[in-house]
Amino acid sequence: MLTGFSRGWKVAIAIVLVVVLLIASLLLTVTHWLPRLAGVWLPANTALVLDSNPRWQSGKLQIPGVRYRVGDCELAAVQDLSLGRANGRWAVNAATVQVDSTCASQLPASETPSAPRSIADWQAMLPGADITINSLAISPWQSWGGELKLNLDSARQIVRYRSPNLSLDAELSGQQLAIHSLTVKAPGVPEPITVAGTLNLPKIPDTLPDAGKLTADMTLQGIPAPLNVNLDWQQQQGQLVVHQQGDDAPLVTLPWAISDQQILIQQGQWRWPYAAQPLSGGITLALKNWQQGIPATEITGRLNVLTQGRGGKGNVVLSLGPGHLDWSNSQLPFRLTGESKLAQLQFYAGLPGEVQGPLLDPTLLLQPGALLRMRGRLLSTLEVDEARWPLAGVKVSSAGIDGRLQAILTAHDPQMGRFKLHLDGRANDFWPDKGQWFWRYWGEGYMAPLSAKWDMNGKGRWQDSLIELTSLSTGFDQISYGNVNVRAPRLTLAVPVSWQRDVAHPAFAGKFRLDAQQTTFSSGGYLPPSTLTLAVKGQDPAAFLYNGSLQAEDIGPVRVQGRWDGVRLRGQAWWPQQSLSVFQPLLSNDLKMKIQGGTLKAQVAFSAAADQGFEAGGHWVVNNGSVWMPDNEINGIDFSLPFRLKAHQWYFGAKGPVSLRIKEVKNQFALQNITADLQGWYPWSDRQPLRLSNVAVAVLGGQLSMESLQMPQTEAATLRLRNISMSELVTAMKPKQIAMSGHINGALPLWLTNSHWLIKDGWIANNGPLTVRMDKDFADAIASNNIAAGAAIDWLRYMEITRSWATVDIDNLGAMTMKAQVNGTSRFSDKNQRVTLNYTQRENLFQLWRSLRFGDNLQSWVEQNAALPTQKETTDETH
């Protein structure tokens, strides 16, 4: 008996060892046999793959990696999977689960479909389990990936999901699904959308819930208050309503009904009060055979938009179908027709087309006859007669726009004129900075203010990140404005303009050329044919350097350079020193003026921006100029003009006063050493005056000077005469009847802004003895005709004046009052007689000047710059 027991014990030991060895063998080879065993129950052409052998750790089965393949496509991959049991519940954890939804289409269809199970059947099969997936990602929606937690048993099922863009808390008890919170961060929506509600699910989960109520809150940009969305339904019909908080009138009302054959939305209404003008309309949509899947669903629908604006009411209708959307080959016809009448514009559409291709990447094809038109007021005064966009054959997809792109614009402006522009080109898979778009353009018009016809044409392309203007030619037949007429100015490209928009290597370059034929002036002069060239180089049209030059035959070149930073234009211009004689064409032949010599040079810096306007500063210099005219000759002209321009105000004399120096003027009166300085603001004001100073000229053996003249004038500017030779004055005037000798002085207080006077309390007096001698024949003729006058003339035949004094007043109308007293000795018939002469003369000085050859220009200046008394009584601070 003992022997038998010993033999039994040994057999048991051997069986245990065999079982242990078998288990160990199975565990070591689990990566080979388990997938094959699972393949017995898995669908055909699918396989389960383990990355390595499972292991037991901390009371849990640890599986490093599991992959589920459909053919060559990996449908799901699980990393760091653990399975355990505690407190009578299963605990399943996974570090990551990645699912590729595109592989699902390769799953084979079931050959023997089983009878549908009810929700209760599925719930009865659920064990008590807590499932946690730390990172769940389903392509192509990886941006919605996050953490998933499931608490399951047969009584209720709880779902919790957390990700940066989506969170969900929901609970299913029997057939009632309670959505406690669903929060979604949608693209383009500033605040998350929140949804809550309850659903009564059908017994068999293959149809829509029997009843339910969902509410959602969302905030959209451009809408002043949040939106409330309510979805209610009972059995097979319901309604979707969208309100703005605080507004009882709904924004969207969609009554819907559902059956086994179709989903139908009828008499839906919508309105949008947030656009430039309120919009509204209706919606009708039918989805037939919807239970057979998206590819078999037939779609028909209609959406209309009602508008009201310039031209009355408009209605645009979008018709859909009949057609279908498919994962691989959609075919959904549509047609957009009608009129949209906005506040200032009117659009007319006739756009037939079709949605084609895969549902996730569709193509929009516009068919023959597709045309969009527009008319109305585009700007404050620009009236669009018609704009046309023929769009037949154009395709739009995620790859880009493909097809012929055309545009025709005809417009006019009541003051500026009219024009017509054409654009024609072809796009190949074009989006901005992707694909190709080649175009050409042309046009013509009439610009009324310039009395000019113009035309333009050119070509260009946008290829990937490169925009290039390959050719440009635009110009006028003439420009006639004011006293200037420019013949045939034309702008062309000397070098194509290219803009490389690559962020890593941005570049912008090109060269423009502006040519003009002769420019004539109404005064009679002209500017020879001129050419302006301007080259640009930089990063983009908002950041580049430029340089160029202006040449008009012998005039110039004027060189210019600077930069544009998108806000401010800065630059400098240089006029190299050249002879003044090159400006001879600018002078009219009627002036009979010839430039004999001299040089000019200039330099200017400038800046322009929207917030500051145009600012400039520079210096013009003329050296040793010489001009000849029939009646005079001017030699030794030196002129220096430093200036600044800011806020439409000039400042002369920025680094020193404006200086004029003339060596001599050969005229009826010889003038030498003319000087004048100018400094200050124009237009001037009390706080910013303009001052003329250091005015002097040597004339008639003496000097004429004015120390200072300030505008606006606060004190008289005294014009002083020193040691003026009467002999030279009389000689210059060349009278044959009288001769004088000696010198005079004087002071004439000059007013330019006085309400009444031009000269007030002026005086003239002799500087030493004066001598007056009258021609004998002239005196005898006067004496023989008038005995009384003859007696006076006898005193003046020869007279030596020891003292003379005269006061002079001149008003704004030119009326001069001169009171004079003359004391002297008259010699007649060898006798000396003391003579005292009191003399008063009232005469209009303007009329007197008209009788003198040298007076016309001076009289004209005084008449233009001296206002009448009624105009002087009220004056502005700024002149």
Side-chain angles (χ1 to χ4, degrees), residues 400-401 405 407 421 423 425 427-443 454 456-476 489-516 530-552 556-576 602-619 644-647:
I401 301 173
L405 299 180
L421 300 177
L423 175 69
N428 297 314
D429 295 335
F430 173 78
W431 285 128
D433 295 337
K434 175 183 174 296
Q436 298 177 343
W437 178 24
F438 295 87
W439 71 81
R440 64 187 183 96
Y441 56 92
W442 67 97
W454 62 267
M456 66 180 302
N457 66 81
K459 295 181 180 180
R461 64 184 177 118
W462 191 342
Q463 186 165 357
D464 296 327
S465 59
L466 175 65
I467 300 177
E468 186 175 47
L469 193 62
T470 55
S471 68
L472 167 68
S473 177
T474 180
F476 297 90
R490 181 157 292 274
L491 178 67
T492 57
L493 293 181
V495 175
V497 176
S498 62
W499 179 16
Q500 176 54 257
R501 293 160 51 89
D502 188 336
V503 177
H505 305 285
F508 177 69
K511 189 173 184 180
F512 300 89
R513 178 186 176 99
L514 177 62
D515 294 285
S530 57
T531 299
L532 170 65
T533 59
L534 195 67
V536 296
K537 186 175 183 179
Q539 293 185 344
D540 55 58
F544 62 82
L545 304 176
Y546 65 89
N547 66 84
S549 65
L550 172 65
Q551 182 94 34
V558 179
R559 306 192 184 279
V560 61
Q561 70 176 35
R563 64 188 177 96
W564 164 250
D565 59 12
V567 176
R568 193 179 309 275
L569 178 69
R570 297 179 175 90
Q572 291 180 314
W574 293 270
W575 197 320
Q603 183 174 351
V604 177
F606 56 86
S607 173
D611 58 344
Q612 72 168 40
F614 182 76
E615 296 182 6
H619 197 178
R644 287 202 310 263
L645 173 63
K646 184 177 182 179

Evaluate the side-chain proximity of [Y] to [X]: yes if any heavy-atom separation is below 4.5 Å, no if none is.
{"X": "Thr533", "Y": "Gln551", "value": "no"}
{"X": "Val604", "Y": "Trp575", "value": "no"}
{"X": "Ser465", "Y": "Asp502", "value": "yes"}
{"X": "Arg513", "Y": "Thr531", "value": "yes"}

- Are any side-chain N or O atoms of Trp564 and backbone N or O atoms of Pro541, one a donor and one an acceptor, separated by less than 3.5 Å? yes
- Query: Would you say the side-chain atoms of Asp565 pair up with the backbone N or O of Ala543, donor to acceptor, closer than 3.5 Å?
  - Reply: no
- Item | Contacts of Leu405 that satisfy side chain to side chain contact (heavy atoms under 4.5 Å, CB included) - sequence neighbours left out |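 With sequence neighbours excluded, Leu405 shows a side chain to side chain contact (heavy atoms under 4.5 Å, CB included) to Val394, Ile401, Ala427, Trp437, given in chain and number order.
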- Message: Among residues at least two apart in sequence or on other chains, which ones pass side chain to side chain contact (heavy atoms under 4.5 Å, CB included) with Thr470?
- Response: Lys459, Glu468
Please report the shortest heavy-atom distance between [X] and [Y], naming the atom on each side.
{"X": "Trp439", "Y": "Arg461", "result": "CZ3-C, 3.2 Å"}
{"X": "Val503", "Y": "Pro506", "result": "O-CD, 3.4 Å"}
{"X": "Pro557", "Y": "Pro576", "result": "O-CD, 3.1 Å"}

- Message: I'd like to know whether the aromatic ring centres of Trp462 and Phe430 sit less than 6.0 Å apart in this structure.
- Response: yes
- Task: Apply the test side chain to side chain contact (heavy atoms under 4.5 Å, CB included) to residues Asn547 and Lys537: give CA-CA distance (whole Å), side-chain angles for both, the deciding distance (0.1 Å), then the verdict.
- Result: CA-CA 9 Å; Asn547 66 84; Lys537 186 175 183 179; over 6 Å; no
- Carefully, step by step, assess Phe606 and Leu645 under the rule side chain to side chain contact (heavy atoms under 4.5 Å, CB included). CA-CA 9 Å; Phe606 56 86; Leu645 173 63; over 6 Å; no
- Query: Would Val560 and Tyr546 count as a side chain to side chain contact (heavy atoms under 4.5 Å, CB included) if you check the C-alpha gap in whole Å, the side-chain angles of each, and the deciding distance to 0.1 Å?
  - Reply: CA-CA 8 Å; Val560 61; Tyr546 65 89; 4.1 Å; yes
- Task: Report the C-alpha separation of Leu421 and Tyr441 in whole Å, then their side-chain angles, then the decisive distance to 0.1 Å, and conclude whether the side chain to side chain contact (heavy atoms under 4.5 Å, CB included) test is met.
- Result: CA-CA 7 Å; Leu421 300 177; Tyr441 56 92; over 6 Å; no
Rounded at 0.5 Å granularity, tell me how far [atom1] in [X] sits from [atom2] in [Y].
{"X": "Gln572", "Y": "Gln603", "atom1": "CD", "atom2": "CD", "answer": "6.0 Å"}
{"X": "Leu534", "Y": "Ser549", "atom1": "CG", "atom2": "OG", "answer": "9.0 Å"}
{"X": "Met456", "Y": "Leu491", "atom1": "CE", "atom2": "CG", "answer": "9.5 Å"}
{"X": "Leu545", "Y": "Gln561", "atom1": "CG", "atom2": "CD", "answer": "8.5 Å"}
{"X": "Leu569", "Y": "Arg563", "atom1": "CG", "atom2": "CZ", "answer": "10.0 Å"}
{"X": "Ile467", "Y": "Asp433", "atom1": "CD1", "atom2": "CG", "answer": "7.0 Å"}

- Exactly one of Arg570, Glu615, Gln612 clears side-chain hydrogen bond (donor to acceptor under 3.5 Å, both in side chains) with Ser607, and that residue is Gln612
- Query: Who pairs with Trp431 by ring pair (Phe, Tyr, Trp, His ring centres under 6.0 Å), at least two apart in sequence or on another chain?
  - Reply: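 Not a single residue meets the ring pair (Phe, Tyr, Trp, His ring centres under 6.0 Å) criterion with Trp431.
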